[in-house]
Amino acid sequence: MFKEYGLIGAGRGCYEIVDIVTRNGGIKICELWDENKSGVDKHLNIKINNMINPDLSYIITPGDPIVRKILYNKTKKKAIYAPFLLGKNTHIGSRAKFDEGLILQDGAIISCDVKVGKHVFLNFYSVIAHDSTVGDFSFLGTFANMMGYSKLGEGVLLGSGALVLPDVEIGDWSTIGAGAVVNKNVPSNEVWAGNPARFLRKNEDGIREKNKGNI
């Protein structure tokens, strides 16, 4: 018997989430939620609803941490969220703790004694090493790697192939560019890139949405 889920967000990113479900089996996506749309998705042949269905558990699909939190804030009083969605060849280590809405794409790894917040998304083959902490709504890109005792605040985005060295902390709503090597702490609301990673600019998107009260 299939477990039925709904997806929050009807953009292109939801197709990758549907692919996880298709590969794993045992789960059926029966609707997409979008407050501005209704009808049927022409690629998936799945209905789009602008009302939350109280009989479904939902998964928030976009990768962008800001969008994830905005959607959470819009739906948190109405939706029941799925605890996790795991792709193939994923691993969650002993004593790891995580909250609702976790997504692990194929090959992603959470090691032992890790703490992960709600609605965190690990893309293909990303790794969180032992004794690390990841804040709510954060996103790890493909092959991103957090080494032991590292920490991400809320809403952090690690680009593909980024490496966070041991004991390094990245502040809330900061973005780390693809391939960056982060060897020192990063303040909140900043964009860093390079090897070693250096400050580029303030994260204006995050600051703007925070000032609006969306994050």
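Values reported hereafter were calculated over all heavy atoms of this structure, with side chains retained and with hydrogens, waters and symmetry mates removed.
Considering NZ of K47 and OG of S38, their distance stands at 11.5 Å, rounded to 0.5 Å. Separation of atoms CG (D113) and CD1 (I128) is listed at 13.0 Å; rounding is to 0.5 Å. Here T175 contributes atom OG1 and D64 contributes atom CG; the two are 8.0 Å apart, rounded to the nearest 0.5 Å. Note that NZ of K184 is 13.0 Å distant from CD1 of I170, once rounded to the nearest 0.5 Å. Atom CZ of residue R95 and atom NZ of residue K97 lie 10.5 Å apart, to the nearest 0.5 angstrom. Taking OH of Y5 as the reference point, atom OG of S57 lies at 6.0 Å (rounded to 0.5 Å).
Put simply, the side chain of Y125 does not reach to within 4.5 Å of the side chain of Q105, judged on heavy atoms. Between S94 and C112 the shortest side-chain heavy-atom distance falls below 4.5 Å. Between L32 and C14 there is a side-chain heavy-atom pair separated by less than 4.5 Å. Between T133 and V116, every side-chain heavy-atom pair lies at or beyond the 4.5 Å cut-off. At least one side-chain heavy atom of H43 sits less than 4.5 Å from a side-chain heavy atom of R12. Side-chain contact check for N185 versus V168: some heavy-atom pair is nearer than 4.5 Å. Using a 4.5 Å cut-off on side-chain heavy atoms (C-beta onward), P196 and N183 make contact. Within the 4.5 Å cutoff, no side-chain heavy atoms of T61 are placed close to those of I8.
Of all heavy-atom pairs spanning I52 and K78, the tightest one is CG2-O, 3.5 Å. The minimum heavy-atom distance linking I215 with G206 is given by the pair CD1-O, 3.3 Å. Summarising the geometry of S174 relative to P187, their closest heavy-atom pair is OG-O, 2.6 Å, with the distance given to 0.1 Å. G171 approaches V156 most closely through the heavy-atom pair O-CG2, 3.2 Å. A pairwise comparison of heavy atoms in I70 and N214 identifies CG1-CB, 3.7 Å as the closest pair. Closest approach of E190 and F199 over heavy atoms only: OE1-CD1, 3.2 Å.
In this structure, K202 places its NZ atom where more than 12 heavy-atom neighbours from other residues, nucleotides or ligands lie under 6.0 Å away. Other residues, nucleotides and ligands place no more than 12 heavy atoms under 6.0 Å from the CZ atom of F84. Under a cut-off of 6.0 angstrom, the local environment of CG in N211 is crowded, with over 12 non-hydrogen atoms contributed by other residues, nucleotides or ligands.
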### Task
Take D41 and Y15 through the side-chain hydrogen bond (donor to acceptor under 3.5 Å, both in side chains) test and state the conclusion after the steps.
CA-CA 10 Å; D41 185 280; Y15 298 159; 3.0 Å; yes

### Task
Starting from the C-alpha separation in whole Å, work towards a yes-or-no answer on side-chain contact (heavy atoms from CB on, under 4.5 Å) for L104 and I110.
CA-CA 9 Å; L104 268 63; I110 294 175; 3.9 Å; yes

### Message
Using the rule given for side-chain contact (heavy atoms from CB on, under 4.5 Å), can you reason through I176 versus V164, listing the C-alpha separation, both sets of side-chain angles and the distance that settles it, and then say yes or no?
### Response
CA-CA 9 Å; I176 306 301; V164 182; 5.7 Å; no

### Query
Going through the distances and angles, do Y149 and E169 end up as a side-chain hydrogen bond (donor to acceptor under 3.5 Å, both in side chains)?
CA-CA 9 Å; Y149 300 100; E169 181 173 345; over 6 Å; no

### Message
Could you go through L56 and C30, starting from their C-alpha distance and side-chain angles, then the distance that decides it, and tell me whether this counts as side-chain contact (heavy atoms from CB on, under 4.5 Å)?
### Response
CA-CA 9 Å; L56 289 178; C30 60; 3.4 Å; yes

### Message
Working note: V21 + L85, criterion side-chain contact (heavy atoms from CB on, under 4.5 Å); need CA distance, chi angles, decisive distance, verdict.
### Response
CA-CA 8 Å; V21 171; L85 183 63; 4.2 Å; yes

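In this structure, the side chain of R201 does not engage the main chain of V191 through any donor-acceptor pair within 3.5 Å. Judged by distance alone, with hydrogens and angles left aside, the side-chain atoms of S188 form a donor-acceptor pair with the main-chain N or O of D172 at under 3.5 Å. Judged purely by atom type and a 3.5 angstrom limit, T22 uses its side chain to pair as donor or acceptor with the backbone of V18. Side-chain atoms of N203 come within 3.5 Å of backbone atoms of W173 as a donor-acceptor pair (strictly under, hydrogens ignored). At least one donor-acceptor pair under 3.5 Å links the side chain of S132 to the backbone N or O of M147.
Between E100 and K118, no side-chain nitrogen of the basic residue sits less than 4.0 Å from a carboxylate oxygen of the acidic one, so the salt-bridge criterion is not met. Taking 4.0 Å as the cut-off between side-chain N and carboxylate O, K69 and E154 count as a salt-bridged pair. Looking at R23 and D106, a side-chain N of the basic residue comes within less than 4.0 Å of a carboxylate O on the acidic one, giving a salt bridge.
If you chain together hydrophobic residues whose side chains sit under 4.5 Å apart, Y58 and L71 fall into the same group. Tracing side-chain contacts under 4.5 Å through hydrophobic residues (I, L, V, M, F, W, Y), one never reaches F139 starting from I60; they form parts of separate clusters. Note: the hydrophobic cluster containing I29 also contains I48 (ILVMFWY, side chain heavy atoms under 4.5 Å, direct or indirect links). Following chains of ILVMFWY side-chain contacts shorter than 4.5 Å, one can reach L158 starting from L165, so the two form part of one hydrophobic cluster. Under a hydrophobic-cluster definition in which Ile, Leu, Val, Met, Phe, Trp and Tyr are linked whenever side-chain heavy atoms come within less than 4.5 Å, directly or via other members, L163 and L140 are assigned to the same cluster.
Within the 6.0 Å centre-distance limit, the rings of Y81 and Y72 are counted as a close aromatic pair.
Between E31 and W33, the side chains place no donor N or O within less than 3.5 Å of an acceptor N or O (distance only, hydrogens not considered).
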